[in-house]
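I have placed the structure first, in the form of structure tokens, so that the comments after it can refer back to it.
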Amino acid sequence: MSDFTTRPEIRGTFGVATSTHWIASAVGMSILEKGGNAFDAAVATALTLQVVEPHLNGPAGDMPAIFHSVRAGRTEVLCAQGPAPRAATIEHYRAQGLTLVPGSGLLATVVPGAFDGWMLMLRDHGTMGLREVLQPAIDYARDGHPVLPRVSNMIADLAGFFAQEWPSSAEVWTPDGRAPGPNTLFRNPDLARTYERLVEIGEAFDGPREGQIDKTREAWRSGFVADAIFDYLADAHVMDVSDAKHSAVLARKDMEDWEATYEPALTCEYAGWTLHKTGPWGQGPVLLQALALLKGIDIAAMDPDGDEFVHTVIEAMKLAYADREAYYGDPDHSDIPIEYLLSDAYAQERRKLITARASHDQRPGRVPGFEHLADACIARAAQDFGVTGVAAQEPTMAHLTEKRGDTVHLDIIDRWGNMVASTPSGGWLQSSPVIPGLGFPLNSRAQMFWLEDGLPSSLAPGRRPRTTLTPSLAEKDGARLVFGTPGGDQQDQWQLIWFLRFVHFGMNLQEAMDAPLFHSMHFQGSFYPREARPGEMMIEPAFDDHVIEALRKRGHKVTVAEPWSVGRLTAAMRQADGQLRAAATPRMMQAYAVGR
């Protein structure tokens, strides 16, 4: 491997913090320096990301986290994915003349989840008080931060729409009637006041820190935050990407009755590593399925920059993602055959479908008793929904329109060995109108549901959408590794490529991250307008021309991306000897790892 990397792999023993924005990473590290643990630092980092990357996440979005607690001695998943409201029925949406849930606006909103999830983590696993972890976000919202050029450009593109259709968004994002210039100081005083008031309510409680945090959670779900949300929704009727105006179905009781929860992770074994992922309400199991397929193939004998490696990984991902589309959903509401899908026997049969030629067919497995779901998946992929226009959806990366949302990621490890990987998303500035007085919009995660009956991912009251958010934690021989990336449907694809390179080819965290990336667009997309592009893939031009041509000869429809435009990975590791390591992608020049 090359001795050259775009950045050094960070190494130390005290703590490491890496995220998709340098300011947030620095905030996380500052919390560790003040004596906080990884959970305190993760909360402070995440709330800061809501301020500095508002086009990628917000307080009313969603958040899964995978974490390891030294005190508890276990690895768990924190699910802060809000469910569909009670009034969110297929019949209601169909009565609006819709065949898909819009990718923006009020009909796309599920119960806000991110803020409650972070407060639950802070209460149960953190050590610091509300003020200590929220103050950095308050300061950056009140006093300003240098706005990213990408955020500036996005607001400029949407300024006319905001002024005409979403005036509450115009007040926040274009306070003087125009978009903030790139790298100018941008302030969100309404958001600062919201955070400050939440802290003050918690601090007013004369009791332990856990009680203070619970008071803050109450203020969010049933106090002044809920008051502002439902005062606005009472008569809000706004334009969305369907080119029609709609009202929300979210109700006060939906928000009052929901709380973030913990659950066990799903796991698989690969090359001596144990990988932990979310359940099938997220797309995390596709990484486990892809690794199960690749167990029986000698990946280590391949060139990690060669066409055989790219082709094999792409074909494994197609099979895993086909099963995602057919079978994944909220296991609290549907019977999901996840044990069967993750079994070695199933992988052995599916592996036979990987040949030297690129498949252009959607090929979910035929799970006994669930064959109708495979048939429905194939039928959906064959549909042309015929939707055009701008969608406030989650993109692949910089080569797509500025008007789409995305995601953030953070990985943090402290000196004691606690660690957190989280991929917050939703509540983007382009997803929904800002709630007046609060400084943030609602989410648009309901666009992941289908408006047809009988599927694990069908819209239904109380059901979690099958999200794409998918942090990872892996362990081997006393070492633990946390990693992840933004990128919607591409998240587990890029993580898979990175993990394989790290495990098999002697690359360190940063080398594996700097290596050129690729992904498939073959399967059904998760975001409006839910396109499938059979046989299509995207690859960075750092691959040799002969590799790209060889992939085309294998039958892949190859699009060459702009240089350094695919993937936004970050990762952190604690070795068995206690040494800490961290890395962040150079792509988009936002993510940074820090540590000592």
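In what follows, every heavy atom counts, from backbone to side chain, and hydrogens, waters and symmetry copies are set aside.
By the 4.5 Å heavy-atom criterion applied to side chains, P465 and Q447 are not counted as neighbours.
Residues R324 and D492 are not paired through a salt bridge, judged by the lack of any N-O separation under 4.0 Å between the basic side chain and the carboxylate. The pair R350-D323 counts as a salt bridge, with a side-chain nitrogen and a carboxylate oxygen less than 4.0 angstrom apart. Look at E475 and R480 and you find a salt bridge, because one of the NZ, NE, NH1 or NH2 atoms lies within 4.0 Å of a carboxylate O, short of that distance. Remark: D330 does not engage R463 in a salt bridge, criterion side-chain N to carboxylate O under 4.0 Å. Residues E549 and R554 are not paired through a salt bridge, judged by the lack of any N-O separation under 4.0 Å between the basic side chain and the carboxylate.
Residues Q510 and N508 bring no donor and acceptor atom of their side chains to less than 3.5 Å of each other. In summary, the side chains of S431 and S444 do not present any donor paired with an acceptor at a separation below 3.5 Å, with no hydrogens or angles considered. Using a 3.5 Å distance cut-off with no hydrogens or angles, the side chains of R530 and S526 do not pair a donor with an acceptor. No hydrogens or angles considered: nothing links the side chains of Q491 and T485 as a donor-acceptor pair under 3.5 Å. No hydrogens or angles considered: nothing links the side chains of D514 and T5 as a donor-acceptor pair under 3.5 Å. Side-chain atoms of R11 and Q579 form a donor-acceptor pair, as typed in the model, at a separation below 3.5 Å. Between the side chains of W281 and E263, at least one donor-acceptor pair of N or O atoms lies under 3.5 Å. A donor-acceptor pair shorter than 3.5 Å cannot be found between the side chains of D344 and Q348. T75 and H68 are linked by a side-chain donor-acceptor pair at a separation below 3.5 angstrom, with hydrogens and angles left out of the test. T470 and K277 are linked by a side-chain donor-acceptor pair at a separation below 3.5 angstrom, with hydrogens and angles left out of the test.
Within the structure, the ring pair (Phe, Tyr, Trp, His ring centres under 6.0 Å) test picks out the following pairs touching residues 469-492 (sequence neighbours left out): F483-W498, F483-F499.
R7 forms a cation-pi arrangement with Y592, by the criterion of a distance under 6.0 Å to the ring centre and an angle within 45° of the ring axis.
No option in H311, H519, H522, H360 other than H311 meets the ring pair (Phe, Tyr, Trp, His ring centres under 6.0 Å) test with H556. Among V566, V560, I314, V547, the single residue meeting the side-chain contact (heavy atoms from CB on, under 4.5 Å) criterion with F518 is I314. Residue Q590 forms a side chain to side chain donor-acceptor pair (under 3.5 Å) with just one option from E53, R150, H21, and that option is E53. Here the options are T407, L49, T20, the test is side-chain contact (heavy atoms from CB on, under 4.5 Å), and the partner is N57; only L49 passes.
The CH2 atom of W428 lies 10.0 Å from the OG atom of S104; values are rounded to the nearest 0.5 Å.
Listed here is the closest heavy atom pair of A583 and L509: CB-CB, 3.7 Å.
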